[in-house]
Amino acid sequence: MTPLLAVEEGQGGGSGLSNSPSVDSISHDCSGLKERNYLGFSECSSVDSCAVSGASDEKKSSLNLKATELCLGLPGSLSPERDLRVCSGKPEERPLFPLLTSKDGLCSSSMQKNLVSGNKRGFTDAINELLEVKNAVYTSGSWIAGNAAMDMMLASRELAAVKEAGPKSSTECSSAVNQNLTKAANNVPANKARVIGWPPIRSFRKNILATTSKDNEEVDGKPGPHSLFVKVSMDGAPYLRKVDLRNYASYQELSSSLEKMFSGFTIGQCGSESIPGKGKLNESKLRDLLLGSEYVLTYEDKDGDWMLVGDVPWEMFIESCKRLKIMKGSEAIGLTPGAAQAEIPKIKN
Amino acid sequence: MNYFPDEVIEHVFHFVESNKDRNSISLVCKLWYRIERFSRLRVFVGNCYAISPERVFARFPFMKSLFLKGKPHFADFNLVPDDWGGFLYPWIEYMARNKVNLEELRLKRMIVTDDSLELIAASFANFKSLVLVSCEGFTTDGLAAIAANCRFLRELDLQENEIEDHRGQWINCFPECHTSLVALNFACLRGDINLAALERLVARSPNLKSLRLNQAVPLETFHRILVRAPQLVELGVGSFVNDPESEINDKLTSALQKCQSMRSLSGFFEVTLSCMSAIYPVCENLISLNLSYAPEIPGNELIKIIQHCRKLQKLWVLDCIGDKGLKVVADSCKELQELRVFPFDPHGVRNGAVTEEGLVAVASGCLKLNSLLYFCQQMTNEALITVARKCPNFIRFRLCILNPTKPDAATMQPLDEGFGAIVQSCKGLRRLSMSGLLTDRVFHYIGSFAENLEMLSVAFAGDSDAGMLYVLNGCKKLSKLEIRDSPFGNVALLMDVRKYETMRSLWMSSCEVTMGGCRTLAKMMPRLNVEVINDSGDLDKHGDDNQVVNKLFVYRTLVGPRKDAPDFVWTL
């Protein structure tokens, strides 16, 4: 199977590729080409198409075939510009990634923008059609199983490929591009907001670096050490959570965050109140639950002792806290407050 | 081959070690299937819920070595709740009950309990090797049980596990007659260790080749250990802190010089910088150097060390090495194959971190580079294109830009072209992780060119379902796909449901799939487990189809829904 076919196969499992013999011949003619960027995305100079790079003569004769081929490429831009583009140099010497063919090795940003926008427009067309088809099918309630759906996708692609859409003006294109870019930008979390699980570093590593680099804080004015993950468990809750103590600056922040996290369970606990919806609990009621007699927040320190949260200064607390536990008030009797613990010799129940 | 007696065929199979090859062999004919299954000694189970212990041992009754993987990869980044699953105990319990002759156990991301470890120690008389990577749920008491009872234990390797350290005497528990230790790695333990017992253990282990100490082992002990064990090949230093005036520095230097076999160095959790020169002689022969847990070594010292490491093949560092340091790497380490650069300070704003320049420098100088994990502040398409051209041999390429949707720093364009160049040039690429501003186009490239891609990690990328579709359609060898925070929904999920049976697993979190889509998938594909993980409590199990599913984990299985799922995990 030629590389070209392999590319096509990716879109549809091979059904409906009636053009394959011709495609074969094209690839064989362009002998020195090896695997190429058939879809032509990264070809620099102009609005592009899924052209086989290299021999232009063969291409001309196969233009019509190309138009009906299942290029994921740029159906909207199968335009006369293709003929004008000169194939520079021998295929072997032609750089693989034409962004480097410019003089200083970098396409100007406007060229790139045109490239992006030209490609985007036609590409988006095809995929939008495809997706409209899919959405219609899906919402109608009867889902078309695998292969049939695939055929529909192929059909809509071919339609788009044959359409001879003229070259799009750059303003049209750029609006489409901008739309896409702003959509992506809207997904960006606020700069300072911490995204869960990002950057993707094992919490084990984060914690190790935090504990070992503490002393370097003043040395070169670096910001303070990073994440300090501790497990939080709650009596009666089915699972543990992990919190990063560095995210909080005070006990108040920590406890309100824990309240939110475990609110699901306290609702269950307080039974008799019929609370509509899923999580709308009166905040003060919850705080009463957590900080009142029902639950207390305790922590295990470096020495393995369980202590009540809240008595030592916050900085001291996060240095020594290994694990948190939300205990029922009744079970927490006998825990001595943290500050007292530091002064008297260890007296545990 | 069919004219030979079975014993001959079996003998030939003995030389086939890769399990992928063995799987192919067993498909040839029934005879070969039968011979292969009786001769397979090492079994790899990539997803512990894809198969049951019963069926594994029914097929491979003579297995001696088991490698099990549990939680999905994103569990490393706190995206999977702790109690999701991956319990070891049922496997050990079955093997113990059925008298399997287990000798080696390797685990990744599993929940291991002290009970499991004690059962291992009690049940497998020939147990030789325990390797735990990113596991949790056990304490040093479990280690004590292993140490005390596994008479022939050769290897105890604990990598990055969360172990509750009872500061007990687990290392004492190796009996005096235990002399077979070859590899011991307890670098991830946080607590103190009985230093005298450690030294005695080293002294009576003449075959000890690999020793990785934890932070609690001070320099003096380290020195004594070196003197006793100059044959060490792999060494993890604990604490490298010392009074610079002390005479021990010279002793240390001479002890290190005697370690002619030393090839791998790691650790250095805390250091006294002026003592670092003691390790320069060892650096000449190093193949592997891991300083990613050494935040106290600044960039200029790292440079000094690396300049000596001419034969280095694997380097893990923190990004305080800077672009400048990476240029030194490029000049000095011509044999480099694997590079990992971790962020010293993931959330802060730092000046010393690395950029695209460092990467281009390394790619230009280290032409054998094939495996990369790179955390950086910024990247450009031009840099990635250059890297792709200079290093077409990448097998693993993982790039993480600390700001997840940052575009090309020079042109403000998406990074589609750069990653496109990588997949187009690196034909052997098996694993790819991307970041930065990325549109559907990069997925188009991946689907078109990444023919050998087995694992793809996607975060904050793509514009529409088309992105995911390109990958599912194009990457024929795709085995693991993990996606977070990307706009892929039911259309992409359901387009080619049969694809998921050819893959190990699919993870989607914070995407746009709904309960309806998941239910449809589950209904269409009974041999997949479609797990909706409702740890935030937002979903209603019997509710509307339109509810958006925050965390979805789909994997193929031969044994149906698992029975140990917690309440918040629904197998549809």
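Residue numbers begin at 1 in each chain, while the letters A, B, ... track the order of the sequences.
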| task | Measure Ser134(B) against the heavy atoms of chain A and call it side chain, backbone, both or neither at under 4.5 Å. | result | side chain

| message | Please report the interatomic distance CG(Asp76(B)) to CZ(Arg205(A)), rounded to the nearest 0.5 Å. | response | 11.0 Å

| Trp198(A) (side chain) donor-acceptor with Asn403(B) (main chain) under 3.5 angstrom | no

| said: Which residues pass the side chain to side chain contact (heavy atoms under 4.5 Å, CB included) test with Ile111(B), not counting sequence neighbours? | reply: Lys71(B), Phe87(B)

| request: Could you grab the distance from atom CD of Glu164(B) to atom CD of Glu300(A), nearest 0.5 Å is fine? | output: 6.0 Å

| query | Atom CD1 in Ile201(A), atom CG in Leu402(B): separation rounded to 0.5 Å? | reply | 7.0 Å

| query | In terms of heavy-atom pairs under 4.5 Å with chain A, which of Pro407(B), Ala459(B), Pro298(B), Ser292(B) leads? | reply | Ser292(B)

| request: State, with a plain yes or no, whether a side-chain heavy atom of Phe74(B) is found less than 4.5 Å away from one of Pro200(A). | output: no

| task | Measure across Gly197(A) and Arg484(B) and return the closest heavy-atom pair with its distance rounded to 0.1 Å. | result | O-NH1, 3.2 Å

| request: Locate the shortest heavy-atom distance separating Ile196(A) from Asn78(B); write the atom from each residue and the value. | output: CG2-O, 4.2 Å

| request: Apply ring pair (Phe, Tyr, Trp, His ring centres under 6.0 Å) to Trp316(B) and list each qualifying residue two or more places apart in sequence or on a separate chain. | output: Phe342(B)

| said: What part of Cys475(B) gets within 4.5 angstrom of chain A, counting heavy atoms only: side chain, backbone, both, or neither? | reply: neither

| note | Under 4.5 Å to a heavy atom of chain A? For Arg398(B) that would be neither

| Which atoms of Ile401(B) approach chain A - backbone, side chain, both or neither, heavy atom under 4.5 Å | backbone

| CZ-CZ distance between Arg202(A) and Arg109(B), expressed to the nearest 0.5 angstrom | 5.5 Å

| query | Roughly how far, to the nearest 0.5 Å, is CD of Glu136(B) from CZ of Phe204(A)? | reply | 11.5 Å

